[in-house]
Asker: 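Could you have a look at this structure, given as structure tokens, before my questions?
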Number of protein chains: 2
Amino acid sequence: MLGAIEGGGTKFVVAVGTPDGQIQHIESFPTTTPEETMDRTVEFFKDKGVCSIGFGSFGPVDLNKQSPTYGHIAKTPKPHWSGYDVVGHLKRHFDVPVGFDTDVNGAALGELIFGAAKGLNSCLYITVGTGIGAGAVVEGKLVHGLVHPEMGHIMVKRHPEDTYEGKCPYHKDCLEGLAAGPAIEGRWGVKAYELGDDHKAWEFQTFYLAQALMNYILTISPEKIILGGGVSKQLHLFPRIREQVKELLNGYVQHPAVLECGDDYIVPPALQDRAGITGALALAVQALEAE
Amino acid sequence: MLGAIEGGGTKFVVAVGTPDGQIQHIESFPTTTPEETMDRTVEFFKDKGVCSIGFGSFGPVDLNKQSPTYGHIAKTPKPHWSGYDVVGHLKRHFDVPVGFDTDVNGAALGELIFGAAKGLNSCLYITVGTGIGAGAVVEGKLVHGLVHPEMGHIMVKRHPEDTYEGKCPYHKDCLEGLAAGPAIEGRWGVKAYELGDDHKAWEFQTFYLAQALMNYILTISPEKIILGGGVSKQLHLFPRIREQVKELLNGYVQHPAVLECGDDYIVPPALQDRAGITGALALAVQALEAE
């Protein structure tokens with residue numbers, strides 16, 4: 001059995017599952033202090049006999065295996081978590097491989113191994129919710145460089161009618177600052193799910209997300225794009241985003257998948273609400289294989 | 001000895017070199033029809049005894065080894081070259097491995113193996129000239145997905161004082177449409193190299209390139225960024241671009257290289273004017289190793 005942890009900023013989801021991506025037993029609890037949260041995590045796995053654990057973490061995290069702070073949460077506004085050594089904590093209790101990455105890189109790997117991008121060599125997973133995060137697999141490998149992708153903060157062109165200043169504390173009107181849940185709420189005064197399908201908000205949302213997807217396509221050319229998070233519940237957005245990506249690229253990328261930009265290219269997570277935890281399971285699979 | 005071909009839209013550069021990146025003999029000639037240009041290329045290598053050939057090509061190209069048109073030039077406005085089978089042409093004359101990629105992916109690999117990114121696992125090479133092209137290495141591998149990167153065409157936010165409509169035939173005011181050589185000339189009426197260092201043009205150029213680099217950093221997190229092409233001759237641009245990338249990211253990416261954004265992170269090509277042909281040599285090295 002494999003262990004999986006989806007360590008989010010507001011809740012932790014823990015599960016055990018099989019190497020073919022089946023979740024067998026799942027629990028969740030609120031994210032409090034690191035000690036309390038990690039103790040509860042350890043408690044869950046104690047008698048489960050896992051042979052590997054995957055941890056998809058909220059970020060930023062240190063993923064550089066040469067670094068003395070590998071496996072730690074990096075500087076975060078979340079109280080008490082800055083510098084906390086999550087991998088070390090797990091390693092002290094379980095003598096098994098630990099696969100550690102961002103939650104969104106985990107989700108990308110999960111969709112590649114078990115989900116919408118099964119059998120492919122690359123994919124992009126993007127989630128739009130309280131923030132915008134993305135992970136990617138390129139040439140069969142999760143993308144890491146200096147650090148991990150932080151694609152949710154790219155700059156985008158403003159919609160000509162959008163006067164909202166933007167909500168990102170770092171960049172104000174980057175993609176996340178204009179198109180994540182809090183920006184939608186800040187701009188319109190109501191939560192995204194309260195807006196009707198024909199609300200102007202979705203025109204803005206389509207405009208920003210289509211631009212972002214265009215930029216990602218031009219940069220890493222993913223074979224599949226999985227759009228998850230709260231926004232993926234708004235199924236009416238998918239055809240609009242596909243159409244606008246196609247219009248924006250205007251025939252430039254000469255591959256049928258992009259030229260058509262059909263409903264098999266930009267898709268909701270095949271793993272649905274379990275994209276995150278199944279992604280963590282994929283990290284456990286990968287860690288076991290790497291041994 | 002290894003063979004290297006930098007197949008550009010206006011000229012072909014051919015060379016032989018050693019596995020450690022030394023170019024021994026180099027020639028160039030104008031790109032005319034594919035038959036004539038490739039015959040001349042074959043002629044050059046005929047008695048050189050090369051054991052592998054690297055071809056860094058103008059794009060778009062088909063790099064999918066499963067595709068029946070692998071190694072062909074894709075649809076291009078360049079007369080006669082659409083669909084031309086360059087790898088097939090070489091294979092008919094030389095029974096050696098052929099490494100084939102875009103010129104900019106080749107240049108990225110060249111800088112990784114022999115140049116500014118030596119010893120690293122990732123880098124981004126971007127060239128700003130008559131167009132804007134970029135290649136990248138992620139986790140030790142050249143980036144390919146559906147196709148190859150076409151990062152020069154990402155969307156960017158317009159400089160508030162820039163009223164130029166943009167020059168890209170596909171996207172009008174994408175990065176290339178606003179910041180490549182023809183856009184500079186179209187906007188100011190003179191060629192880039194004729195503009196003084198304090199011309200307003202460089203403020204715009206810095207604005208667009210810094211935004212693009214920010215987006216690439218957030219997307220693939222390269223360990224080194226190499227900025228080549230005509231613009232890299234404008235050395236005064238480098239400190240300005242570094243400063244603006246740093247300001248735009250505003251401390252968000254918590255890695256010293258990006259936080260400082262110093263003169264060892266965004267750099268001119270170590271291989272200077274030979275970045276392209278040495279990149280092709282790197283493709284030959286890689287093709288030989290893959291055998």
Side-chain angles (χ1 to χ4, degrees), chain A residues 59-60 62 64 74-76 120-124 134 136-158 168-175 210-212 214-224 248-258 265, chain B residues 59-60 62 64 74-76 120-124 134 136-158 168-175 210-212 214-224 248-258 265:
Chain A
D62 185 349
N64 174 6
K75 207 175 112 200
T76 166
L120 301 179
N121 229 357
S122 61
C123 73
L124 172 77
V137 180
V138 166
E139 292 275 358
K141 291 182 158 191
L142 282 169
V143 173
H144 307 115
L146 285 175
V147 293
H148 43 78
E150 288 283 7
M151 300 185 215
H153 290 261
I154 64 168
M155 300 298 269
V156 285
K157 202 188 280 203
R158 212 169 239 289
C168 174
Y170 289 89
H171 315 117
K172 226 158 203 174
D173 62 355
C174 66
L175 176 66
Q211 262 190 81
M214 172 184 184
N215 287 0
Y216 305 145
I217 291 169
L218 291 166
T219 305
I220 57 171
S221 202
E223 290 163 289
K224 189 79 76 176
L248 284 172
L249 282 166
N250 194 23
Y252 183 72
V253 175
Q254 293 177 37
H255 188 283
V258 182
Y265 185 52
Chain B
D62 185 349
N64 174 5
K75 206 176 113 200
T76 167
L120 301 179
N121 229 356
S122 60
C123 73
L124 172 77
V137 179
V138 167
E139 292 275 357
K141 291 182 156 191
L142 283 169
V143 174
H144 307 116
L146 285 174
V147 293
H148 44 77
E150 289 282 7
M151 300 184 214
H153 290 260
I154 65 168
M155 300 300 269
V156 285
K157 203 187 281 204
R158 211 169 240 287
C168 173
Y170 290 88
H171 316 117
K172 226 156 204 176
D173 63 354
C174 67
L175 177 66
Q211 260 190 81
M214 173 185 184
N215 286 359
Y216 304 146
I217 290 168
L218 291 167
T219 306
I220 57 171
S221 200
E223 290 163 290
K224 189 79 77 175
L248 283 172
L249 282 166
N250 195 24
Y252 183 72
V253 175
Q254 293 178 35
H255 188 283
V258 181
Y265 185 51

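Order of the sequence lines fixes the chain letters, A, B, ..., with proteins taken first and strands second; residue numbering starts at 1 for each chain. It should be emphasised that the depicted structure is a prediction, and the values quoted were computed from it without experimental measurement.
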Asker: Go through the atoms of A/Val137 and report whether side chain, backbone, both or neither lie under 4.5 Å from a heavy atom of chain B.
Answerer: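 Answer is neither: A/Val137 stays 4.5 Å or more from chain B.
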Asker: Between A/Met155 and B/Val156, does the side-chain contact (heavy atoms from CB on, under 4.5 Å) criterion hold? Intermediate values first, please.
Answerer: CA-CA 7 Å; A/Met155 300 298 269; B/Val156 285; over 6 Å; no
Asker: For A/Asn215, is it the side chain, the backbone, both or neither that has a heavy atom under 4.5 Å from a heavy atom of chain B?
Answerer: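 Both parts, backbone and side chain.
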Asker: Could you list the residues that satisfy ring pair (Phe, Tyr, Trp, His ring centres under 6.0 Å) with B/Tyr252, not counting sequence neighbours?
Answerer: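 For B/Tyr252 the ring pair (Phe, Tyr, Trp, His ring centres under 6.0 Å) partners, ignoring immediate neighbours, are A/His153, A/Tyr170, A/His171.
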Asker: Using non-hydrogen atoms and a 4.5 Å limit, figure out which bit of A/Lys75 sits close to chain B: side chain, backbone, both or neither.
Answerer: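 Both the backbone and the side chain of A/Lys75 come within 4.5 Å of chain B.
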Asker: Starting at OH of B/Tyr216, measure out to CD1 of A/Ile154 and round the result to the nearest 0.5 Å.
Answerer: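 If I round to the nearest 0.5 Å, the distance is 10.5 Å.
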Asker: B/Asp173 versus chain A, heavy atoms under 4.5 Å apart: side chain, backbone, both or neither?
Answerer: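 For B/Asp173, the contact with chain A is made by backbone and side chain together.
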Asker: Could you have a look at A/Lys224, A/Lys157, A/Lys141 and say which one has the most heavy-atom pairs with chain B under 4.5 angstrom?
Answerer: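 Result: the option with the highest number of such pairs is A/Lys157.
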Asker: Give me the atom names and distance for the closest heavy-atom approach of B/Gly145 to A/Glu223.
Answerer: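 Heavy atoms only, the tightest pair is C-CG, 4.1 Å.
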Asker: Please state whether the side chain, the backbone, both or neither of A/Ser221 comes within less than 4.5 Å of a heavy atom of chain B.
Answerer: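 Answer is both: backbone and side chain atoms of A/Ser221 are under 4.5 Å from chain B.
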Asker: Sort out for me which residue in A/Leu218, A/Ile217, A/Thr219 forms a side-chain contact (heavy atoms from CB on, under 4.5 Å) with B/Glu150.
Answerer: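 It is A/Leu218; the other options fail the test.
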Asker: Is chain A contacted by the side chain of B/Val138, its backbone, both, or neither, given a heavy-atom distance below 4.5 Å?
Answerer: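 The answer is the side chain of B/Val138.
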Asker: Return the minimal non-hydrogen interatomic distance between A/His255 and B/Leu146, and the atom names on each side.
Answerer: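 The pair with the smallest heavy-atom distance is CE1-CD2, 3.4 Å.
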Asker: Which bit of A/Pro60 is near chain B, if near means a heavy-atom gap under 4.5 Å: side chain, backbone, both or neither?
Answerer: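 Answer is side chain: those atoms of A/Pro60 sit under 4.5 Å from chain B.
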Asker: Applying side-chain hydrogen bond (donor to acceptor under 3.5 Å, both in side chains), name anything that partners A/Glu139, two or more places apart in sequence or on another chain.
Answerer: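 By the side-chain hydrogen bond (donor to acceptor under 3.5 Å, both in side chains) rule, A/Glu139 matches B/His144.
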Asker: Among B/Leu249, B/Val258, B/Asn64, which residue has the highest count of heavy-atom pairs closer than 4.5 Å to chain A?
Answerer: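 Option with the greatest count: B/Leu249.
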Asker: Heavy atoms only, distances under 4.5 angstrom: which of A/Ile220, A/Val253, A/Leu124 has the most pairs with chain B? Name it, please.
Answerer: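 So the answer, after comparing A/Ile220, A/Val253, A/Leu124, is A/Ile220.
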Asker: Taking side chain as everything from C-beta outward and backbone as N, CA, C, O, which of these in B/Leu175 sits under 4.5 Å from a heavy atom of chain A? Side chain, backbone, both or neither.
Answerer: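 Contact with chain A involves no heavy atom of B/Leu175 at all.
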